[in-house]
Amino acid sequence: MKAAIIGLPNVGKSTLFNALAATEVPTENRPFCTIDPNVARVPIPDPRLDAVAEASGMQHKVYATLELVDVAGLVKGASRGEGLGSRFLAQVREADAAVHVLRCFESGRVTHVSGAVDPVDDAETVNTELMLADLATAERALDSARRRAKSGHPDLKKRVEELEMLHDRLAEGRPWEGGRLALHEGGTPSRPGEDETSSLPGTTSSLPLLTALPTLYALNVAEEHITKGGPADRAEEYAAQHGKPAVRVTAQLESELAAMPQEEQQDLRAGLGLPHETLQRFMQALSALLNLNTFFTAGPSEARAWLIPNGATAHYAAGRVHTDFQQRFVRAEVTPWREFTRTPQPQPRLKGREYEVRDGDVLHFRAG
């Protein structure tokens with residue numbers, strides 16, 4: 001799973017990337033400091049894994065990870081190619097979700113591209129460009145569909161109608177927020193959740209709409225506003241109005257802390273009165289945004305967390321651990337993590353291949 005970090009220049013995208021990935025990519029007070037995308041696999045801190053490892057006597061722990069991509073800042077006119085618009089939009093289209101960074105701090109040392117800190121206006125600027133890019137995508141798809149529909153095929157006519165509906169919605173300034181747009185093409189999904197597969201040559205089953213990406217707002221705040229107050233209050237209201245989650249983070253301080261040994265981090269956090277779980281909450285919110293569950297395995301040499309789509313089966317989960325477990329699946333031994341960590345001798349439940357794995361399950365697979 002991949003999440004793209006987006007936003008205007010100089011809002012703290014690369015600084016947040018450094019904090020999450022514990023890296024040191026350049027962060028400078030100028031637009032387009034980032035040109036080529038920075039990529040990292042970032043662990044999701046999870047105290048449940050810590051408890052599972054302790055209960056099972058495993059010294060080695062492997063956290064689940066998400067891929068983060070720090071892309072160039074977007075500017076007004078990006079949908080027409082301004083700035084690094086074309087490259088920016090192409091990188092965002094490849095992601096499964098967006099982390100939209102909003103600047104919610106004042107600083108005389110870091111210039112703002114608009115001259116004033118207004119996270120709601122910044123959000124509107126970026127979202128308008130994404131919607132305009134979607135409109136251009138819909139126009140190209142509609143022109144192509146209309147040409148193909150001249151053949152008279154009823155499925156192609158249905159596709160034209162759906163694209164016209166999408167085009168009109170975007171032209172009215174209403175973004176598509178219903179998830180990736182699957183278009184009628186006469187196919188049948190092979191299982192729930194899959195896009196339709198096409199029975200017609202030369203067609204695609206869905207459009208890569210930027211406004212359909214699940215989005216988490218990262219509110220980059222000053223230290224004194226880490227829990228409440230400041231411009232982030234308005235940004236939280238804006239996110240709530242649009243049905244999007246928002247998490248406050250002090251990106252600059254978190255990036256500095258990330259470069260320190262763990263004990264020093266804890267001491268400094270305690271001295272500054274900062275929450276210990278800021279980045280943990282952030283990564284868990286991103287995991288929830290992607291509709292992912294976490295299951296755990298313990299043994300023979302490590303305790304490990306794994307990400308799977310919500311609703312995935314034990315058979316699917318077995319394949320995440322090893323293809324042999326999936327191919328030779330007999331059963332899964334399932335224990336909820338709280339029971340696994342708090343019961344002296346937990347008794348696992350035996351489940352078959354169709355069991356839907358729940359968030360926090362500890363699984364042990366039996367293969368024939």
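These numbers come from the heavy atoms of this one structure, side chains and all, not from hydrogens, waters or symmetry mates.
From Arg328, atom CZ reaches atom CD of Gln326 across 13.0 Å, with rounding to the nearest 0.5 Å. Atoms CZ and CG, from Arg234 and Leu219 in turn, are 12.5 Å apart once rounded to the nearest 0.5 Å.
One N or O on the side chain of Thr125 and one on the backbone of Asp121 form a donor-acceptor pair closer than 3.5 Å. Side chain of Lys158 to main chain of His153: no donor-acceptor pair is present (N/O by atom type, distance under 3.5 Å, no hydrogens or angles). In this structure a side-chain-to-backbone donor-acceptor pair under 3.5 Å is present from Thr313 to Tyr316. Within the 3.5 Å criterion, the main-chain N or O of Pro309 finds no donor-acceptor partner in the side chain of Asn293. Proximity of a side-chain donor or acceptor of Asp361 to a complementary backbone N or O of Val357 within less than 3.5 Å is not detected. Between the side chain of Arg366 and the main chain of Arg331, no donor-acceptor pair closer than 3.5 Å is present. Although no hydrogens or angles enter the test, the distance criterion places a donor-acceptor pair under 3.5 Å between the side chain of Thr343 and the main chain of Glu339.
Placement of Leu213 and Met1 within a single hydrophobic cluster is found when ILVMFWY residues are connected by side-chain heavy-atom separations under 4.5 Å, directly or transitively. Transitive grouping of hydrophobic side chains (ILVMFWY, heavy atoms separated by less than 4.5 Å) keeps Ile308 and Phe296 in distinct clusters. Placement of Leu363 and Val321 within a single hydrophobic cluster is found when ILVMFWY residues are connected by side-chain heavy-atom separations under 4.5 Å, directly or transitively. Both Val39 and Ile5 belong to a single network of hydrophobic side chains, linked directly or stepwise wherever heavy atoms of I, L, V, M, F, W or Y lie under 4.5 Å apart. Leu49 and Met283 are assigned to two separate hydrophobic clusters, defined by single-linkage of ILVMFWY side chains at heavy-atom distances under 4.5 Å.
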> So Gln241 and Glu237, side chain to side chain donor-acceptor pair (under 3.5 Å) or not? Walk me through it.
Replying inline: CA-CA 6 Å; Gln241 290 168 1; Glu237 293 175 4; 5.1 Å; no

> When you look at Val99 and Leu286, which way does the side chain to side chain contact (heavy atoms under 4.5 Å, CB included) test go after all the steps?
Replying inline: CA-CA 8 Å; Val99 175; Leu286 186 54; 4.0 Å; yes

> Where do Arg146 and Leu163 land on the side chain to side chain contact (heavy atoms under 4.5 Å, CB included) test, with the steps shown first?
Replying inline: CA-CA 10 Å; Arg146 282 171 173 164; Leu163 284 168; over 6 Å; no

>> Determine whether Phe295 and Thr297 satisfy the following criterion, side chain to side chain contact (heavy atoms under 4.5 Å, CB included), listing intermediate values before the conclusion.
In response: CA-CA 7 Å; Phe295 75 90; Thr297 55; 3.9 Å; yes

> Between Leu210 and Glu129, does a side chain to side chain contact (heavy atoms under 4.5 Å, CB included) hold up when you go through it step by step?
Replying inline: CA-CA 10 Å; Leu210 297 167; Glu129 292 302 324; over 6 Å; no

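Closest of all the heavy-atom pairs between Arg41 and Pro43 is O-CD, 3.9 Å. The two residues Phe325 and Ala318 make their nearest non-hydrogen contact at CB-O, 3.7 Å. Across all their heavy atoms, Ala4 and Val92 have their closest contact at CB-CA, 4.4 Å. In terms of heavy-atom proximity, Ala251 sits nearest to Ala19 at O-CB, 4.1 Å. Here the closest heavy-atom approach between residue Leu68 and residue Val42 is recorded as CD1-CG2, 3.7 Å. Counting all heavy atoms, side chain and backbone alike, Thr341 lies closest to Ala55 at CA-CB, 3.9 Å.
Residues Ser56 and Phe340 have side chains in contact (heavy-atom distance under 4.5 Å, counting atoms from C-beta outward). Looking at Leu307 and Ile44, their side chains come closer than 4.5 Å, going by heavy atoms from C-beta outward. Counting only heavy atoms from C-beta outward, the side chains of Pro47 and Gln280 approach each other to under 4.5 Å. Taking 4.5 Å as the limit, every side-chain heavy atom of Asn127 sits out of range of all side-chain heavy atoms of Thr211. Using a 4.5 Å heavy-atom cutoff, the side chains of Asn38 and Val69 are not in contact. With contacts defined as side-chain heavy-atom distances shorter than 4.5 Å, the pair Leu166/Leu209 qualifies. Between Asn220 and Leu16 there is no side-chain heavy-atom pair separated by less than 4.5 Å. Residues Val247 and Leu216 meet the side-chain proximity criterion, which asks for heavy atoms closer than 4.5 Å.
A salt bridge does not link Glu333 to Arg349: none of the charged nitrogens lies less than 4.0 Å from a carboxylate oxygen. Ion pairing of Arg248 with Asp233 is present here, as a side-chain N (NZ or NE/NH1/NH2) and a carboxylate O approach within less than 4.0 Å. Looking at Lys244 and Glu236, no side-chain N of the basic residue comes within less than 4.0 Å of a carboxylate O on the acidic one, giving no salt bridge. Residues Arg159 and Glu164 are not paired through a salt bridge, judged by the lack of any N-O separation under 4.0 Å between the basic side chain and the carboxylate.
Counting heavy atoms of neighbouring residues, nucleotides and ligands inside a 6.0 Å radius, atom CZ of Arg358 does not exceed 12 of them. The environment of CD in Glu67 is crowded: more than 12 heavy-atom neighbours from other residues, nucleotides or ligands sit within 6.0 Å. No more than 12 heavy atoms of other residues, nucleotides or ligands sit less than 6.0 Å from atom CD of Glu263.
Both tests pass for Arg103 against the ring of Phe105: distance under 6.0 Å to the centre and angle within 45° of the axis.
For the residue pair Arg148 and Ser144, a side-chain donor N or O sits within less than 3.5 Å of a side-chain acceptor on the partner.
Ring orientation note: the planes of His315 and Phe329 are nearly perpendicular, at an angle over 60° on the 30°/60° scale.
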